[in-house]
**Q** 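Quick one: the structure is below, and I'll ask about it shortly.
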Amino acid sequence: MNVTIRPELIRWARNRASLTLDDLAQKVGTKRNPAPIREWEGAQKPVDIPVRLVEKLAKATRAPFGVLFLDKPPADELPLRDFRRPGGTEPRGVSLNLIETVLETQLRQAWLSEQLEQEGEAPLDFIGSAKTSDDPTRLAAKIRDRLRIGTAERRAARRTADAPLWLIGRLDESGITVTRKGFAGRATKRTLDRDEFKGFALADRFAPFIFVNGKDWPASQVFTIAHECVHLWLGESALPDGDWFGTPSHPTERFCNQVAAEVLLPAEEVRDAWRASESLKENVIRIGQGFRVSSLAVLFRARSTNLIGQMELDSALTEFRAEFEAREEPASGGGGGDHYNNVSIYFGKRFVREVLLSVMTGKTLYSEAFDLLGTRKTRVVQEMAARFL
């Protein structure tokens, strides 16, 4: 028995599941006889497909079976403000990996927020304390001072690759939980796409969270963290467009980029560090190493502070981008190394400690802790407690 499916529904289901054409073809068919997914998606009219293959298609893409028979793909809505809108209008597609990552982070935030409020923790006064009409330079100074992430302090990180973890530690001490993962849920093979999103912020008076895509470049993660901090100061949960060096269409994103750049590369300090006797490349590399940011960030900052002109930026951009991608190694994002060390990176040190304390004192059941800490074994929770408490 055959049923009729629109090509755009097949394309939507595949993209939402982050599968390639070849991957889905083998999942719906077999390795020796893959399903003609490319042909179905490229059709100009609805295609007739055996119902058994539609069932396999739904299972492979984790799409509700009935949804595949709609006239057009449904809109997946995220429970936070999505700034990834070209021209400020149409939203970009949302993968299951992104949806599940946002929802599981919200679950952990809700638990921690309730826990801290019940314990009598004072709300964080900086959440929602800023507005987009504020002076970016003054706001950036407030953020640096509150988090203790000034340039001199950032040099404590041995190299740029270490800067994200150093920043995460500072934010954790200030009451902001930063989680960094490169995969969705517990499946390390479900890697997060850094082109889809670099991170997001979840504002809360007691337990603000920042999620960082662990598959992104380490130097880019530093700017992601700074950008998301600005969203927290504005008191809004947001999924930024991730265009750190362009000109975002939305004024809020332009403001957050401006403040984040000033947090990491204060204009006055950059001007003082710039040496007229050195070439553009020498200045950019030296300043990037000193400020623990990428060479690309310094290049664009040099333009925004009028140290170089637009023609110099344009001529140098291709070379610097190529060198940056060749030099920078994306973080593994998870799946390797010591599991217990990774836990604090995946979920945030403060969150892990609060869950373990609650379990060990009998306030939280092991069954609930399993969901919060991503495990199903009592001995794993107990080993975490031995290491973190």
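As a basis for the values below, the full set of heavy atoms in this structure was taken, side chains included, without hydrogen atoms, waters or symmetry mates. The structure displayed is predicted, hence computed values, not measured ones.
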**Q** Hey, are the side chains of K215 and Q221 touching, using non-hydrogen atoms and a 4.5 Å cut-off?
**A** no
**Q** Out of curiosity, T247 OG1 to N257 CG, how far, rounded to the nearest 0.5 Å?
**A** 9.0 Å
**Q** Just so I know, are the side chains of E282 and R286 near enough to count as touching, which here means a heavy-atom distance under 4.5 Å?
**A**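 No; the side chains remain at least 4.5 Å from each other.
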**Q** Looking only at heavy atoms, which two atoms of T132 and L234 are closest? And how far apart?
**A** N-CD2, 3.8 Å
**Q** For the side chain of E196 and the backbone of V94, is there at least one donor-acceptor N/O pair under 3.5 Å apart?
**A** no
**Q** Going by an N to O cut-off under 4.0 Å, is there a salt bridge joining K59 and E55?
**A** no
**Q** Are V28 and F69 connected in a single hydrophobic cluster, I mean Ile/Leu/Val/Met/Phe/Trp/Tyr linked by side-chain heavy atoms less than 4.5 Å apart?
**A** yes
**Q** Taking all non-hydrogen atoms of both residues into account, name the closest pair between D204 and I127 and its distance.
**A**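 Here D204 and I127 meet closest at O-CG1, 3.6 Å.
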**Q** Counting neighbours of CD on E268 that are heavy atoms of other residues, nucleotides or ligands and sit closer than 6.0 Å, is the number greater than 12?
**A**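 Count not over threshold, so no.
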**Q** Roughly how far apart are D48 CG and M1 CE, rounded to 0.5 Å?
**A**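 One gets 11.0 Å once the value is rounded to the nearest 0.5 Å.
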**Q** Apply side-chain contact (heavy atoms from CB on, under 4.5 Å) to the pair T378 and F370, showing each step before the final yes or no.
**A** CA-CA 8 Å; T378 301; F370 291 159; 3.6 Å; yes
**Q** Apply the test side-chain contact (heavy atoms from CB on, under 4.5 Å) to residues L112 and F206: give CA-CA distance (whole Å), side-chain angles for both, the deciding distance (0.1 Å), then the verdict.
**A** CA-CA 8 Å; L112 182 58; F206 294 94; over 6 Å; no
**Q** Which pair of heavy atoms, one from L9 and one from L68, lies closest together, and at what distance?
**A** CG-O, 3.8 Å
**Q** I need the minimum non-hydrogen distance between S344 and V352, along with the two atoms involved.
**A** CA-CG2, 4.3 Å
**Q** Check this for me: E114, atom CD, are more than 12 non-hydrogen atoms of other residues, nucleotides or ligands nearer than 6.0 Å?
**A**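 Incorrect, the count does not exceed 12.
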**Q** With respect to L202, which candidate in T177, T105, L239 satisfies the side-chain contact (heavy atoms from CB on, under 4.5 Å) definition?
**A** T105
**Q** Do other residues, nucleotides or ligands put more than 12 heavy atoms under 6.0 Å from the CZ atom of R138?
**A**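 At most 12 heavy atoms, drawn from other residues, nucleotides or ligands, come within 6.0 Å of this atom.
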**Q** OG of S237 to CD of E228: how many Å apart, nearest 0.5 Å?
**A**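 Reported to 0.5 Å precision, the distance equals 10.5 Å.
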**Q** Taking NZ, NE, NH1 and NH2 as the nitrogens, is one of them in R144 or E269 under 4.0 Å from a carboxylate oxygen of the other?
**A** no
**Q** Side-chain contact, heavy-atom cut-off 4.5 Å: T101 with R190?
**A** no
**Q** Taking only residues two or more places apart in sequence or in another chain, which ones pass side-chain contact (heavy atoms from CB on, under 4.5 Å) with L389?
**A** L356, L357, M360, A385
**Q** Between D216 and R194 (side chain of the first, backbone of the second, donor and acceptor by atom type, cut-off under 3.5 Å), is there such a pair?
**A** no
**Q** Any non-hydrogen side-chain atom of L280 less than 4.5 Å from a side-chain atom of W274?
**A**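 Of all side-chain heavy-atom pairs linking W274 with L280, at least one is under 4.5 Å.
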**Q** Report the C-alpha distance between R292 and V222 in whole Å, list the side-chain angles of each, state the deciding distance to 0.1 Å, and finish with yes or no for side-chain contact (heavy atoms from CB on, under 4.5 Å).
**A** CA-CA 9 Å; R292 300 296 189 260; V222 171; over 6 Å; no
**Q** When you compare the side chains of T20 and D23, does any donor N or O come within less than 3.5 Å of an acceptor on the partner?
**A**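 T20 vs D23: donor-acceptor pair found between side chains.
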**Q** May I ask you to say whether K27 pairs ionically with D22, meaning some side-chain N is under 4.0 Å from a carboxylate O?
**A**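 Salt bridge flag = no for D22 with K27.
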**Q** Just verifying a value: how many Å separate R180 CZ and I168 CD1, rounded to the nearest 0.5 Å?
**A** 5.0 Å
**Q** Are L78 and W12 in one and the same hydrophobic cluster, where Ile, Leu, Val, Met, Phe, Trp and Tyr link if side-chain heavy atoms are under 4.5 Å apart?
**A**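 Hydrophobic grouping puts L78 apart from W12.
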**Q** Considering all heavy atoms of both residues, which atom of F209 and which atom of L232 are nearest to each other, and what is their separation?
**A** O-CD2, 4.2 Å
**Q** Got a donor-acceptor contact below 3.5 angstrom from the T375 side chain to the K377 backbone?
**A**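 Yes: the side chain of T375 pairs with the backbone of K377.
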**Q** When you compare the side chain of I49 with that of W40, does any pair of heavy atoms fall below 4.5 Å?
**A** yes
**Q** Would a 4.5 Å heavy-atom cut-off, applied to side chains only, mark F300 and L313 as touching?
**A**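 In short, these two side chains touch, coming nearer than 4.5 Å.
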**Q** Take L98 and R84 through the test side-chain contact (heavy atoms from CB on, under 4.5 Å) and record every step on the way to the result.
**A** CA-CA 13 Å; L98 173 54; R84 305 167 310 139; 4.0 Å; yes
**Q** Ignoring hydrogens and angles, state whether a donor on the side chain of S304 or R301 is under 3.5 Å from an acceptor on the partner side chain.
**A** yes
**Q** Does any part of the side chain of R275, heavy atoms only, come nearer than 4.5 Å to the side chain of S277, both counted from C-beta?
**A**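 Yes, close enough: below the 4.5 Å cut-off.
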**Q** Output yes when a side-chain donor or acceptor of R154 lies under 3.5 Å from a complementary backbone atom of V293, and no otherwise.
**A**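 The answer is no, because no donor-acceptor pair under 3.5 Å joins these two groups.
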**Q** Do other residues, nucleotides or ligands put more than 12 heavy atoms under 6.0 Å from R38 CZ?
**A** no
**Q** Taking Q109's backbone N and O only, do any of them form a donor-acceptor pair with S113's side chain (distance below 3.5 Å, no angle check)?
**A**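 Not confirmed, S113 side chain does not pair with Q109 backbone.
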**Q** Group every Ile, Leu, Val, Met, Phe, Trp and Tyr by side-chain heavy-atom contacts under 4.5 Å, then state whether L139 and L124 land in the same group.
**A**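 In one cluster: yes.
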**Q** Please answer whether the main-chain N or O of K131 pairs with a side-chain N or O of D134 as donor and acceptor at a distance below 3.5 Å.
**A** yes
**Q** Can you tell me if K363 uses its side chain to pair, donor with acceptor, with the backbone of S358 under 3.5 Å?
**A**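 Side chain of K363 to backbone of S358: no pair is present.
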**Q** Would you please test K198 and D193 for salt bridge (charged side-chain N to carboxylate O under 4.0 Å, His left out) and show each step?
**A** CA-CA 8 Å; K198 295 180 180 295; D193 182 359; over 6 Å; no
**Q** Please report whether the ring centroid of F83 lies less than 6.0 Å from that of F197.
**A**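 No; F83 has its ring centre 6.0 Å or more from that of F197.
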**Q** Angle between ring planes, W233 versus F126, binned at 30° and 60°: parallel, tilted or perpendicular?
**A** parallel
**Q** Parallel, tilted or perpendicular, judged at 30° and 60°: which one describes the rings of F347 and F351?
**A**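 Ring orientation of F347 relative to F351: perpendicular.
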**Q** Would a single hydrophobic cluster contain both L96 and L57, if residues Ile, Leu, Val, Met, Phe, Trp and Tyr are joined by side-chain heavy-atom contacts under 4.5 Å?
**A**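 No, L57 does not connect to L96 through the hydrophobic network.
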**Q** Short question: side chain of R254, backbone of S249 - any donor-acceptor pair under 3.5 Å?
**A**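 Present.
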**Q** If you round to the nearest 0.5 Å, how far is OG1 of T305 from CG of L265?
**A** 9.0 Å
**Q** Counting only heavy atoms from other residues, nucleotides and ligands, does the tally under 6.0 Å from CZ of R387 exceed 12?
**A**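 More than 12 heavy atoms, drawn from other residues, nucleotides or ligands, come within 6.0 Å of this atom.
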**Q** Closer than 4.0 angstrom, basic N to acidic O: yes or no for D145 and K142?
**A** no
**Q** I'd like to know if the side chain of R350 reaches the main chain of D172, judged simply by a donor and an acceptor atom lying under 3.5 Å from each other, with no hydrogens or angles considered.
**A**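 Checking the backbone N and O of D172 against the side chain of R350, no donor-acceptor pair under 3.5 Å is found.
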**Q** Output yes when a side-chain donor or acceptor of Q258 lies under 3.5 Å from a complementary backbone atom of P136, and no otherwise.
**A** no
**Q** In Å, rounded to the nearest 0.5 Å, how long is the span from CG of N306 to CZ of R271?
**A** 7.0 Å
**Q** Does this structure show an ion pair linking E153 with R170, if we count only N-O contacts that are shorter than 4.0 Å?
**A**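 No, this pair does not count.
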**Q** Can you get from Y346 to L103 by hopping between Ile, Leu, Val, Met, Phe, Trp and Tyr side chains that sit under 4.5 Å apart?
**A**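 Yes, it is one cluster - the side chains of Y346 and L103 are joined through contacts under 4.5 Å.
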**Q** Considering non-hydrogen atoms only, spot the tightest contact between S18 and N97 and give its length.
**A**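 S18 and N97 have their closest heavy atoms at OG-ND2, 3.6 Å.
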**Q** Flag the pair R16 / S95 as yes when at least one side-chain heavy-atom distance between them is below 4.5 Å, and no otherwise.
**A**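 R16 does not reach S95 side chain to side chain.
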